[in-house]
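The block underneath contains the structure these notes are about, expressed in structure tokens.
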Amino acid sequence: MKRILLIASVLFGSLFVTACGDSRMHSHAVYMLVDTSGTYAQEMNKATRIINYLLASLNSGDSLAVAKVETRSFTEKDIIAKVTFDKRPSQATTQKRAFKAKIEEFAKQPLGSAFTDITGGLIQGAEYLNETQAGIKTIVIFSDMQEELGQGTVRDFPIKLDGIRIVALNVTKLRTDNADPRLYLDRLARWEARVRKAGAVEWVMVNDLENNMESILKTR
Amino acid sequence: MGLFLLESLRITQLFPRIASMDDRMRHRLMLASLIFLIILAGIESSLALMRDMLITDKASLMRDLASVAPVVEDGWFTRIPMAGQMIMGFVLPFALAFVAIPLESTVHSLRTVIGVLLVQSMRGLAFVIRFVGVMFKRIAKVLELVYDIPIVIPIMIENWVKALRGNVSDKGQIKSGSTS
């Protein structure tokens, strides 16, 4: 009888404890890739606005990193700034100001790279996001999604983006896209297929930055 | 702290030990209580200031991020809520210290008050139970009276049928008597 009571109390207690609270992590980690190649480098002002929006929207405990997409982007050296916001709101505000200053300093530098390694940036971003152990992980790609790899850059292998949301922003149409829209649509379809195959949970495209910026962080 | 301050000033006498202390010790206790009370009141007041500073800082950051021009301050009007909160934060601990005076009265009279409340609640409970008992006692009579209303017509019909049957059997008896 005593043993039965003990087992029953342990079972009930464990059920009670597991029923309490939500064990998921609710923090949000965002890794933003900024394309600095060719004519897309002139879009830096828009990128700064998006970064400011992310700084305003993210809260204590969230993480943000901004990296540039260059000739070869699978490196920590391409990360312009990264931060995990402190639990104390006053410290988080100071961190946001410092982050903004770093981005402004970077924006003043001359930009432009010969090639665009988006895949390398995605792999680097996935590595960073997995380290943060955040509940919601998002890679924001500010690019025309036209990947151009230099000689010796190998990126044609399966990548892992498990549990990560991919948001493509400001995917501008190139002159060739205007001539043949199928190039643009196929390019986007290929990217979507590739990231979904890699395990991404969501593929979002946002071109209307005036009215649709909330979609960047809103999960579906 | 406020309680200890009033105790050491002999305004209240909740703790007879403090009132019966020698003057030097009581004076030290009074000073210590007063200093702690002032420090705590100061901390509360500064929290109001910090809160306002944090809110202003965050609003300024949001304006910077939105690339909006900084708001031109209207002057001392905008500082009235902050000043009010700071003053209240400082004064409230001292005001709350005087709660010790009615608290003393409550403690002294609590025993009598609880006793009176208990007596009244017992009386109320007795009334309710007596009322329920009387109700159950009388309900049988009420049910009987209520039953009388629908049953009167069937009883009248029964009596009428009995009377009819009685007349028929009397007539039959008379007829059989006359023929024999």
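Since this is a predicted model, take the numbers as computed values, not measurements. These values consider heavy atoms only, across backbone and side chains, with no hydrogens, waters or symmetry-generated copies. Residue numbers begin at 1 in each chain, while the letters A, B, ... track the order of the sequences.
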Problem set entry | Residues, nucleotides or ligands: over 12 heavy atoms within 6.0 Å of B/Lys58 NZ | no
Exercise. Do other residues, nucleotides or ligands put more than 12 heavy atoms under 6.0 Å from B/His108 NE2?
Worked result: yes
For this session: Measure the spacing between NZ of A/Lys100 and CG of B/Asp64 and express it to the nearest 0.5 Å.
Result: 5.0 Å
For this session: Could you tell me the separation between the CG atom of B/Leu61 and the OG1 atom of A/Thr94, rounded to the nearest 0.5 Å?
Result: 9.0 Å
Exercise. Between A/Arg88, A/Arg97, A/Lys96, which is the residue that forms a salt bridge (Lys or Arg N to Asp or Glu O under 4.0 Å) with B/Asp57?
Worked result: A/Arg97
For this session: Look at atom CZ of B/Arg51 and say whether more than 12 heavy atoms of other residues, nucleotides or ligands are closer to it than 6.0 Å.
Result: no
Exercise. Any chance CG of A/Asn178 has more than 12 other-residue heavy atoms, nucleotides or ligands included, within less than 6.0 Å?
Worked result: no
Exercise. Taking everything shown except B/Phe90 itself, do over 12 heavy atoms lie less than 6.0 Å from its CZ?
Worked result: yes
Problem set entry | Contact origin within B/Leu54 toward chain A - heavy atom pairs under 4.5 Å | side chain
Exercise. Which value, rounded to the nearest 0.5 Å, describes the distance between A/Thr93 atom OG1 and B/Met62 atom CE?
Worked result: 7.0 Å
